[in-house]
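Each remark here refers to the structure printed beneath this line.
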Amino acid sequence: MIKKIFAHLKKNISFERNIKIILIGLILLTALYVRRHTFWLPHWQGDQSHYIALAMKLKTLGLKGYNLRRVDLHSTLLTLNEKNKPIFQNNVDFLQSNIIFPTLDNNPVSKGDLLYALEIIGLNYYDQPIFHKPPGLPIALIASHKLFGNKEQPFTVFNYEPEKNAESISALPFFSKDQLPKEVRALYDNRYIQFWAAIVPIFFSISTIFLTFLLGHFFFSYRAGLYAAFMIAVNPVSIMTSQKIWADDMLTCFMTVSILFFLIAIEKKLYWYSFLSGTGCGLAFLAKQSGGAVFISLLLFAGITLIIQLINKTERFKTKPLALLINLSLFSAGFLLISGFWLVKTYQVYGNIFWQPSRKGVIVKDPTGWLRAIYARPKPWRFFLTGIPYLCPLFFPAFLSLKDFVKSLYKKTNRDYCFLFIWVNIIIFYYFLGIKMGWQEHRRLLPIYPLLAVLSGHYLNKLVIYTGKLDKLFGTPKIKETLLVILFFIYAFWAVPKGIEPGVNNQTLIKTSTYGHTLPTKK
């Protein structure tokens, strides 16, 4: 009987398929390994404190209380006793604490500690009836808190300064727990305290890597997907954002879902995938308003497609005008189903669904230096054009696909719709986030990284397989692929520390000055 089972498995399970599954599994495990520091890094600086407080408010008061008012801050000191057991001391001085958690002030007209602290450092634009950022990430934090926490556990995260432990951290990413000082080891041993929060960006980061693989595998080749997944797994920007309670990984994940599903809808002529694509876009919008860029890209893609079909008087991109209209309608329905409540709420409060607070004059008052560091950088278009190739030089081959993008505008072929839609998304997102908004942070363009990685993976695969002329220099395709893998590993050893250091040392990418701050509380 056992022999028959093994014979059946051997007959029906392809060895090559198993190798493919193992390889993508190794990439995902590698990505998780280099991001593991998230679980014991502090998560109470800047926007992280806002999202955690918003999750607490949203869970307590619902959408009516979705703001930073009435948030009081409580601190705890965690140390070890002689038997290496953790000791929690409550009501300690805020600046000396290493654990912090927000609670709701019982006074309904109180501003609370958090707004008071923000106003001290000159950030006066957070006192709003409805917080200007959508509630997608706070909702995800609440779900994680319910899943991994318990009813008594507050929204707790670490709050220590890692630069004070430079000796132990210098060994990253290959450190031993025994090297850590006692107070840091206590945090490390009790990282489950903030597991509910740290797992959220990790989940979306790893999911994005897998989705990048699917996008490359489905539309180009298995190797293209594999190369693309590895590029994102070791990308410094992706590693950095996964170490923060930010919405960027959630935004990137659902934007990739939306683009993948819409391309499948066209390729397979399955309308319901357009609806799923719309829901993905809606979830991306709830993570950050910039997720709506996919909707704009889709409208532009549809317009270009219809114009080309009218000019050439032929069906293009595997879709007729009526089918394209149906896809667009279903996409819109999915988008509004998910994000409609937020659009209505923001319009009721502000009269503008894209309302953003004004930061004029804040830069002068900012004692943390963070805003000054951002605005001192080059203009956004130049900042990103130079920074992206520096942080990920393996994206260079992606720009070879521009010829396919241009070709899709005039050549009568069905396959080039993929290049057209991907490049429309890249251009639209780069225009609005890289030029229009003028906010010079590399995480802002993280959502287009999977697209650049897929295009780059496609051309790297073509370089290995279809360039016979290079055989004279580098040998057979197997030798070329081996050399490419070696190049990937060299890049990884350079890129991974670049992504880890900002989270560990509370620094920005490329620029090495620290900018973090610890929020004070009322005395």
Original post:
Run the side chain to side chain donor-acceptor pair (under 3.5 Å) check on Y51 and K244 step by step: do they pass?
Top reply: CA-CA 11 Å; Y51 282 121; K244 304 284 189 179; over 6 Å; no

**OP:** Measure centre to centre between the rings of F220 and Y459, then say whether the value is under 6.0 Å.
**Re:** no

Original post:
Taking the six-membered ring for Trp, are the ring centroids of F395 and Y449 within less than 6.0 Å of each other?
Top reply: yes

Original post:
How about W494 and Y390: are their ring centres within less than 6.0 Å of each other?
Top reply: yes

Subject >> Sidechain-backbone polar pair: N327 side chain, A323 backbone, donor-acceptor under 3.5 Å >> reply: yes

Original post:
Do Y273 and F261 have their ring centres less than 6.0 Å from each other?
Top reply: yes

Original post:
Counting only N and O atoms by type, is there a donor-acceptor contact under 3.5 Å from the side chain of S207 to the main-chain atoms of F203?
Top reply: yes

**OP:** Could you label the plane-to-plane angle of the F335 and F331 rings as parallel, tilted or perpendicular, counting under 30° as parallel and over 60° as perpendicular?
**Re:** parallel

Atom pairs and distances, side-chain donor-acceptor, residues 286-293, under 3.5 Å, sequence neighbours left out:
from	atom 1	to	atom 2	distance (Å)
K288	NZ	D248	OD1	3.0
Q289	OE1	Q356	NE2	2.5
Q289	NE2	I353	O	3.3

Original post:
Do any pairs count as a side chain to side chain donor-acceptor pair (under 3.5 Å) and have a residue in residues 193-203, sequence neighbours left out, and if so which ones?
Top reply: none

Subject >> K20 NZ/CZ over Y222 ring centroid, <6.0 Å and within 45° of normal >> reply: yes

Original post:
Do the ring centers of F285 and F254 come within less than 6.0 Å of each other?
Top reply: no

Original post:
Counting N and O atoms only, with roles assigned by atom type, does the side chain of H43 sit under 3.5 Å from a partner on the main chain of T38, one being a donor and the other an acceptor?
Top reply: yes

Original post:
Are any of the side-chain nitrogens in R35 or D249 under 4.0 Å away from the carboxylate oxygens of its partner?
Top reply: no

